[in-house]
Amino acid sequence: MMPPIMRHLTRRTRVYTALSAIAAASAVAACSDRASRGEALPPAEFLFAAGDSTYWVRSGGDGMRVRSAPILLTEVDGRLFEIFLGDDGAEYPDASFASARLWSRELQHRDSTQLFGDSTVMRELAVWRRAHPRDAEIDPADEELPDDPRTVVNDEIEIIDVHGPYLTVEHLLNVDINGGPPHRHEGRRMVVDVRSGATASLDVLVGTDEARRVTVAARASLAQLIDSIRTAGAAGDERAAVATESLDSFRFDSISFGITDIGRDPAVAFMVPGHGTDGEALALYLPPITVKAPAWWKSVRATLPEWAKDSTRVTWDRAKYEIAARPSADGDALALVLIGGAVGKSHEWPIATVAAPAYQLIPLDTPPIDSAARSALSRAFDISTSLDGLVQRAGWSRRGPRRTPSTTPLVRTTAFSRTQ
């Protein structure tokens, strides 16, 4: 959920930080008293996405193994896809060009599919180079970049969420050319198919009748929101009064939306683009509207977390085991446990303490992945962690006493949250 009614769509920096898994290894090593007495761990294998990482968890007769990596995965019809961002551009003493590209790759194939890319930045770069043939390009690795170039053309892609085959993203384009045409600042939200890169319409996602109903409801929601802001502004609310100066710029766009979930049910959330008085990009985020679950949502629903009514616990219930996570007092971390036992789900084994929030759990044991898929998954984890610098593995074995596994700190990557 996005609490602000209106936000500036500013250039966002994706921060690659050392946000740890909060000792994933030590959590696995600190096994429960029951586990240390030799009670059999239930066989389980799954991918768990939380915070800015994915955890590959395997348990069974030889103990539990946990591996984490800064990687975003989704499953479609039994196939695993990796989603990642690339960039291109150039830097000059008085000009900056940066373009983002969104890609996916089925793990068992080498080829990647471009899901989204805007050609504006590279087109403007080509025009600028022709107009400034003597300007030398700056190598960011060797030279300090200028703080305030007069020409800045960039676009950014933010991954908002993923639900099975569909990825919700937000795109922001900024075009500020010194001595050129009027500045452009544009933002929009969209849903793309990770298999093909096709932009998914509401009709495709939820069916024609639901698409029509949701669009009508969203238009009504926008009208009500605008009326509320105007009323509040007239009553003396300073924030609302400032917002009213830009309200006329907002135009409902039926294709600027994303897929979200409420209580594991599908919902559609529209982003209404607009502009501030000085031309900056703004957005109104309408409240999500629940929709009838389409056929493709059945497999997605099972991957989503189910929160207890008192918000003290979130669970994923499997046939022979259960995964549960309990939030810390400040809500920043989740203690992840495996629940099972010979008679019902009566025993717990700690898995890891991970950064919140929890996104999805992808089972790998029903049906079990084959050796080719396992090798491809392992290779993807290797590449992801090596690109970020360090690898973390943790494990506990029933064959020996409890021990603290040898690990190196995990470098985290790309939290998919906004910089306000």
Side-chain angles (χ1 to χ4, degrees), residues 17-37 39-60 63-73 263-264 302-318 320-341 344-365 392-398 401-413 415-417:
T17 65
L19 296 174
S20 73
I22 316 176
S26 61
V28 175
C31 292
S32 68
D33 288 339
R34 291 191 183 97
S36 67
R37 290 198 298 265
E39 293 186 12
L41 277 160
E45 185 170 15
F46 55 88
L47 298 170
F48 180 81
D52 48 17
S53 292
T54 295
Y55 300 82
W56 184 0
V57 180
R58 287 175 283 180
S59 75
M64 185 183 294
R65 297 290 181 269
V66 181
R67 186 179 182 187
S68 58
I71 188 172
L72 178 60
L73 299 168
R264 303 176 80 199
T303 70
L304 299 175
E306 184 170 11
W307 280 94
K309 291 182 179 180
D310 59 3
S311 298
T312 59
R313 174 183 168 107
V314 61
T315 58
W316 290 260
D317 194 11
R318 309 293 301 159
K320 296 183 179 180
Y321 62 89
E322 182 178 288
I323 303 301
R326 298 182 180 88
S328 59
D330 59 10
D332 291 337
L334 295 168
L336 190 66
V337 298
L338 172 65
I339 303 173
K345 298 172 182 176
S346 55
H347 305 316
E348 291 188 5
W349 290 265
I351 299 172
T353 301
V354 303
Y359 298 110
Q360 62 173 345
L361 184 148
I362 300 174
L364 301 178
D365 48 10
Q392 176 167 339
R393 291 183 177 90
W396 171 76
S397 173
R398 290 188 63 246
R402 286 182 292 175
R403 58 186 176 86
T404 301
S406 174
T407 65
T408 54
L410 172 67
V411 176
R412 293 284 182 241
T413 183
F416 304 116
S417 60

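This structure is a prediction, so every number in the text was calculated from the model and none was measured. These values consider heavy atoms only, across backbone and side chains, with no hydrogens, waters or symmetry-generated copies.
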- Query: Can you name the residues that form a side-chain hydrogen bond (donor to acceptor under 3.5 Å, both in side chains) with S311, not counting sequence neighbours?
  - Reply: none
- Do the side chains of Y321 and D365 get nearer than 4.5 Å, heavy atoms only? yes
- Query: What is the ring orientation for Y55 with F48, classed by angle as parallel under 30°, tilted 30 to 60°, or perpendicular over 60°?
  - Reply: tilted
- Considering all heavy atoms of both residues, which atom of A356 and which atom of L334 are nearest to each other, and what is their separation? CB-CG, 4.1 Å
- Query: Centre of W56's six-membered ring, under 6.0 Å away, within 45 degrees of the axis: is that where NZ or CZ of R58 sits?
  - Reply: yes
- Looking only at heavy atoms, which two atoms of L336 and A325 are closest? And how far apart? CD1-CB, 4.0 Å
- Query: Between atom CG of L47 and atom CZ of R67, what is the distance when rounded to the nearest 0.5 Å?
  - Reply: 11.5 Å
- T303 side chain vs Q360 backbone, donor-acceptor pair below 3.5 Å: no
- Query: In Å, rounded to the nearest 0.5 Å, how long is the span from CG of L304 to CH2 of W316?
  - Reply: 9.0 Å
- Message: Which heavy atom of P350 sits nearest to which heavy atom of V337, and what is that distance?
- Response: CA-CG1, 4.0 Å
- Item | Heavy-atom pair with the smallest gap, counting every atom of L41 and G60 | CB-O, 3.6 Å
- Message: To check you understand the geometry: which heavy-atom pair defines the closest contact between A358 and P305, and what is its length?
- Response: O-CG, 4.0 Å
- Item | Expected output: side-chain S59 to main-chain P42 donor-acceptor under 3.5 Å | yes
- Message: Looking at every non-hydrogen atom in both residues, tell me the closest pair between F46 and P363 and how far apart they are.
- Response: CB-CA, 4.0 Å
- Query: Among all residues two or more places apart in sequence or in another chain, which pass the side-chain contact (heavy atoms from CB on, under 4.5 Å) test with T315?
  - Reply: E306, R313, E322, A324
- Working to the nearest 0.5 Å, report the span between CG of L361 and OG1 of T54. 10.5 Å
- Task: Using the side chain to side chain contact (heavy atoms under 4.5 Å, CB included) rule, take I351 and I323 through it: C-alpha gap first, then chi angles, then the decisive distance, then the call.
- Result: CA-CA 9 Å; I351 299 172; I323 303 301; 4.2 Å; yes
